[in-house]
Amino acid sequence: MAEKYNHKRIESKWQEVWEKTKINRTDLTSEKPKFYNLIMFPYPSGDYLHLGHGYSNSGADVYGRYKALNGFNIFMPIGYDSFGLPAENFAIKKGIHPRKSVSQNIEHAQKQLKTWGCMFDFSREVTTSEPNYYKWTQWLFLKLYEQGLAYQKESPVNWCPKCMTVLANEQVKDGFCERCEAEVVQKNMKQWFFKITDYADRLIKDLDKVDWPESSVTKQRNWIGRSEGVQMDMPVADSKEKLSVFTTRIDTVYGMTYVVLAPEHPLVDKVTTADQKKEVEKYKIQAQKQTEIERQSLEKEKTGVFTGSYAINPFNGEKVPIWIADYVLFGYGTGAVMAVPAHDERDFEFAKKYDLPIIQSIAPVFVDPTNPPKDGIEDTVRHGVIVLVKHWSEDKYLLDYSPKFGWKCLFCGGVEDGEDPLEAAAREIREEAGYQNIKEVRYMPLHHIDRFHAPHKGVNRYAHQKNIYIELADGEYVEPTEEEKELHQVSWHTKEEMLEQITLVNHKYIFETELMSGQAWTGYGALVDSAEFTGLLSEEAKKKMAEWLEKKKAGETKVNYRLHDWSIGRQRYWGAPIPIIYCEKCGVVPVPEKDLPVELPEKIKDFRPKGTGKGPLASVKEFVETTCPKCGGKAERETDTMDTFVDSSFYYLRYPSVGNDSEMMEKKVIEKWLPVDMYVGGAEHVTMHLLYARFIAKALYDAKLLKFDEPFLKLRHQGMILGPDGKKMSKSKGNVVIPDAVIKEHGTDIFRTYILFMGRFEDGGPWDPKGIVGIKRFLEKYWSLANLISAENFDLDQSVDGSQDMIVKKTINKAIKKVGEDIESFKFNTAISSLMECVNALNFLEMKYKPKQSIELWKNTVEKLTIILSPFAPHMTEEIWESLGNTESVHLQSWPKYDKDLIKDETVTVAVQINGKVREQLLINVEAEEKEVLELAKASKKVQNYLQGKEIKKVIYIKGKLLSLVVS
RNA sequence: GCCUGGGUGGCGGAAUUGGUAUACGCGACGGACUUAAAAUCCGUUGGUCUUACGACCUUGGGGGUUCGAGUCCCCCCCUAGGCACCA
């Protein structure tokens, strides 16, 4: 009996061998086709690398090994994202210099990584906090500066009072600091920015070029938040000022009843009248004091103040009041909006509160789905009323049942030319419903348009419907004519009953809006009361109205983005200093390339943040004081450091040129090796790192430094591994599982195979330590089977004839195909289950038939099995490979080719369905035709039972799958 | 509120273009080996009814299309993630 599998001995044995043979060092100059297999580099903030790292690394490594077996030259580098807040905070907590804690943490992470058996090329590590790396971070800054993409401006920024630094929008989660969870406040500061907004359109458009998870593409698109609209100028009445508003719904402009400026808007002071000054000032101060969360809280009731001035709607020349309100954001669009309460929920809420007029300018259009307008027939325009009638004493409403048309609805009817709709409605109720005394008649907040085909008249109707509310005074009733009674049968119902019974969608809608006492209609529709634009549909009106504005030079079409420029300055110590010098004479002067890196002073008394708005570097005299590179005069250095995301935005570009200190990217190498072929990492980086990295690639492309503008062609995310309790792992919950403990007990081959077997790679899920035994059994089964074959240790007494050889061949060929396809599409779990099936089948055959005579076939089969298993269990398979008598590593072999003919089965079971139910299974030849199968089925007793006395109406045969019979 | 994914046995999860739902693994039960246990191996394992043959039901719920629906269409519920006063 072969030796039991000992992971400790075997895994460390091969890790040593591989280190010696340098098997994972990539020859970047090789002629073989390249494959850049990248994982997101870890952040060594002090904790162990966790299960999540183990998960993504395992997936990426299996994929990389599979690609290598398929003839690619794999480059799988690794590094450490070691600058930034968490690393610095960790050092502060420990009371040591971050340089020291970072190097300890890296050493630790490295140790972990080396036991994980991944094919990392450790010879090309990057560490972002080393001067030989951040020299290039600063170089990158200079390149962006040269292109005008790095600039300084005074602007409101996110300030984290706990980290005492500015944060990018991307680092603020629901108003809290992403790192320390302190509440973020707005501060006005002079800051360095990268102009990512210049690339907004390309960042959206080029998503078409990449193979990324659809959800991540959408996430980036939403984050960038492109919206097309128009910017419209509005003169301020009795003043020379004019204001500009941005809207995506210019089609609603005739419904504008006021204008709102953000409280910070510079025009506020200019338009505020003397009597309103006090109120406005008070409001401004109150708005400023609020934190971002308070201000953006949706529960908060809207507030605002009238400025005393009016703006003129260029479309109709009407004056509308100018208000200020904090529901308008200064940072988006023009910081001013036209308010159309009838068609915008926020404006509606505001208008209700401050009693501002609500004017409808868009009418919803309902197309009757059961009777839509027919093509090629002109619309006939009609005016009509739809009437909601309320009972005189109860909370009930009148339902009209029309036996002739079969629908249940509200009362409705036509309005003759010149007739008042309210009167028409009242008349109709008296004559058709019979109720005589009306207490109240009024219009409902919105009217609408119905479109349908009127079959009895042969015309398409385009009906302007006024929606009218009638409340009866009492129950006085005069019997309608017989004729009317045939058309209308009325009954009283509660709200709920009405909503249930009404069969016409438009009537139902009216009923709902009335019950909700009006709402803004935010959908598209047809324009009403909009002068020359009346009748147009929203889409078309938008175009025409924008053209109209452009002609009048009162506005233009405009695109706005949710995305803001990337604020990159941090008032912290542990980062790459921004390479800028301020000279009294020459102003802002970039540090010349030859002077890079601007080294972060290592000896510093206190590297903790001060909270003064200036970073700790400001107090290091030797650092700050310098000479101007232009004029040689006295000058001072910028003391902010760069956001960590700048470090990580280009690390993948640096890997192939590690060791070259004179160039960031070696031209030849970069042209050969980039872009990245496969990138594996967490989905939480989609709106930060991945967006920034794409932007930087595009900027470098424009600077002619790169020949591609999309850095990551393929992207796959690993799901999140949760604690055994199904909750997110965290120290405070005490449910953290450290991969090293698992690896120590079971070995990394078992660990990585298990974690990939648990479920779909993108899904993740709870870590369940119980299931690991299944993988252990599987791999040990493989181990003993392979050992048996390699030892040629067979029971020679058994008589064998090799008749099972074909089954052995088929088994392995099927596995080769399935496992390969599954790894290619990141379906590791099903790849592993196919391997299990294969091992189980071979094991069964081996035990049953003792492959004495077919030893060559068996050996060959086990070799193939070993190769296709090697991406998952690299150590164990290497050991087996050696014991099979091979001298070259299993990882340098080729993925076996499968034989197409051996994949197919000659006989298959087909299901026989009778009226949709499976009643019989037939063993047939794969090539059998419908006729044969039908004959076979008819011969079956079971089938005969179901066919007795019945006739076969229809036969459907799906080759090799099923036969479906319809009988009656 | 809007945009994405999900919802399948006791559990993790499979299922090509609509074509035998529950692969593979865990767990559970029964058996073999053992003085015994562990390990290993073999068998059973969606539910209800039935002595049995078998019948019926079953992929979050309700409707539909189809010879046939986990898969397609409509409505609803739950859940994870993202965005959210973005005009």
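We name chains A, B, ... by the order of the sequence lines, and we start the count at 1 in each one.
Rounded to the nearest Å, the gap between the C1' atom of A52(B) and that of C75(B) is 45 Å. Spacing of P atoms, U17(B) relative to C73(B), comes out at 14 Å, to the nearest Å. For the P atoms, the distance from U71(B) to C26(B) is 30 Å, rounded to whole Å. Here, A38(B) and U48(B) have their P atoms 29 Å apart, quoted to the whole Å. Between U44(B) and A37(B), the distance separating the two P atoms is 24 Å to the nearest Å. If you take atom C1' in C74(B) and the same atom in U65(B), they sit 11 Å apart, rounded to whole Å. Nucleotides U58(B) and G68(B) are separated by 15 Å at their P atoms, to the nearest Å. Comparing the same atom, P, in C53(B) and in U59(B) gives a spacing of 25 Å after rounding to whole Å.
When the P atom of G5(B) is taken as reference, atom CD of E684(A) falls 19 Å away, rounded to whole Å. Nucleotide A84(B) holds its P atom 18 Å from the OH atom of Y561(A), rounded to whole Å. Between the CG atom of L756(A) and the P atom of G25(B) there is a distance of 17 Å, given to the nearest Å. The CZ-P distance, from F828(A) to A23(B), rounds to 24 Å in whole Å. The distance between atom CZ of R249(A) and atom C1' of C85(B), rounded to the nearest whole Å, is 17 Å. L779(A) has its CG atom 17 Å from the P atom of C24(B), to the nearest Å. The CD atom of E349(A) sits 15 Å away from the P atom of G1(B) (whole-angstrom rounding). Atom CG in D344(A) sits roughly 6 Å away from atom C1' in A87(B) (whole-Å rounding).
Residues satisfying the side-chain hydrogen bond (donor to acceptor under 3.5 Å, both in side chains) test with Y254(A), not counting sequence neighbours, are none. Listed by chain and residue number, R226(A), Y561(A) satisfy the side-chain hydrogen bond (donor to acceptor under 3.5 Å, both in side chains) test with D201(A) (two or more places apart in sequence, or in another chain). In this structure, the side-chain hydrogen bond (donor to acceptor under 3.5 Å, both in side chains) partners of T303(A), at least two apart in sequence or on a different chain, are Y283(A). Under the side-chain hydrogen bond (donor to acceptor under 3.5 Å, both in side chains) criterion, K727(A) pairs with no residue, sequence neighbours left out. Applying the ring pair (Phe, Tyr, Trp, His ring centres under 6.0 Å) rule to Y524(A) yields no partners; only residues at least two apart in sequence or on another chain are considered. The ring pair (Phe, Tyr, Trp, His ring centres under 6.0 Å) search around F828(A) returns F761(A), F826(A), not counting sequence neighbours.
A distance of 6.0 Å or more separates the ring centres of F778(A) and Y782(A). Taking the six-membered ring for Trp, F872(A) and F757(A) have ring centres at least 6.0 Å apart. For an aromatic pair to be called close, the ring centres must be under 6.0 Å apart, and Y754(A) with W767(A) satisfies this.
Nucleic acid contact class of E214(A) (heavy atoms, under 4.0 Å, all strands): none. Across all strands, K917(A) comes closer than 4.0 Å only to sugar-phosphate atoms, never to a base (heavy-atom distances). Contacts of T909(A) with the nucleic acid, taken as non-hydrogen atoms under 4.0 Å apart, include base atoms. Using a 4.0 Å heavy-atom cutoff across all strands shown, R919(A) reaches sugar-phosphate atoms only and no base atom.
Anti is the conformation of G63(B), whose glycosidic angle sits further than 90° from 0.
Base-pair partner of C2(B): G82(B) (Watson-Crick or G-U wobble, both distances under 3.5 Å). The base-pairing partner of A69(B), taking Watson-Crick or G-U wobble contacts with both distances under 3.5 Å, does not exist among the strands shown. Shown here, A39(B) forms no base pair; nothing in the strands shown gives a Watson-Crick or G-U wobble contact with both key distances under 3.5 Å. The partner of U22(B) is absent, by the rule that a Watson-Crick or G-U pair needs both atom distances under 3.5 Å. Here U59(B) sits opposite no nucleotide as a Watson-Crick or G-U wobble pair (both hydrogen-bonding atom distances under 3.5 Å). When Watson-Crick and G-U wobble pairs are counted only if both distances are under 3.5 Å, A28(B) pairs with U44(B).
For the pair R694(A) and W223(A), the cation-pi criterion (under 6.0 Å, within 45° of the ring axis) is not fulfilled. In this structure, K302(A) is positioned above the aromatic face of Y327(A), its NZ or CZ under 6.0 Å from the six-membered ring centre and within 45° of the axis.
Within the structure, salt bridge (charged side-chain N to carboxylate O under 4.0 Å, His left out) contacts touching residues 958-968 of chain A (residues at least two apart or in different chains) are E927(A)-K959(A). Residue pairs that meet the salt bridge (charged side-chain N to carboxylate O under 4.0 Å, His left out) test with at least one member in residues 753-765 of chain A, sequence neighbours left out, are R760(A)-E762(A), R760(A)-D763(A).
Of the candidates C24(B), U20(B), A87(B), C24(B) carries the atom nearest the E837(A) side chain, counting heavy atoms from C-beta on.
Put simply, Y946(A) has a side-chain N or O that comes within less than 4.0 Å of OP1 or OP2 on A55(B). Taking only side-chain nitrogens and oxygens, Y332(A) comes nearer than 4.0 Å to OP1 or OP2 of A87(B). Within the structure, every side-chain polar atom (N or O) of R221(A) is placed at least 4.0 Å from both OP1 and OP2 of U4(B).
Of the N and O atoms on the side chains of D233(A) and S244(A), at least one donor lies less than 3.5 Å from an acceptor on the other residue. Inspection of the T197(A) and H564(A) side chains reveals no N or O donor paired with an N or O acceptor under 3.5 Å.
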Enumerate all atom pairs, one protein N or O and one N or O from nucleotides 78-83 of chain B, separated by less than 3.5 Å.
from: C83(B); atom 1: O3'; to: R562(A); atom 2: NH1; distance (Å): 2.8

Check: protein-nucleotides 65-69 of chain B nitrogen or oxygen pairs below 3.5 Å:
from: C67(B); atom 1: OP1; to: K954(A); atom 2: NZ; distance (Å): 3.3
from: C67(B); atom 1: O2; to: S964(A); atom 2: OG; distance (Å): 2.7

Between the protein and nucleotides 40-42 of chain B, list every N/O to N/O distance that falls short of 3.5 Å.
from: U40(B); atom 1: OP1; to: R777(A); atom 2: NE; distance (Å): 3.4

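Between the NZ atom of K728(A) and the CE atom of M720(A) there is a distance of 4.5 Å, given to the nearest 0.5 Å.
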With ring pair (Phe, Tyr, Trp, His ring centres under 6.0 Å) as the test, would you mind laying out the steps for Y258(A) and Y354(A) before giving the verdict? CA-CA 11 Å; Y258(A) 63 104; Y354(A) 292 103; 8.9 Å; no
Protein-to-nucleotide contact annotation, 5' to 3' order, nucleotides 9-16 of chain B [B base; S sugar-phosphate only; - none; under 4.0 Å, heavy atom]: ---BSSS-
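The 5' end of RNA chain B is approached more closely, in terms of each residue's nearest nucleotide, by S216(A) than by the other of S216(A) and A911(A).
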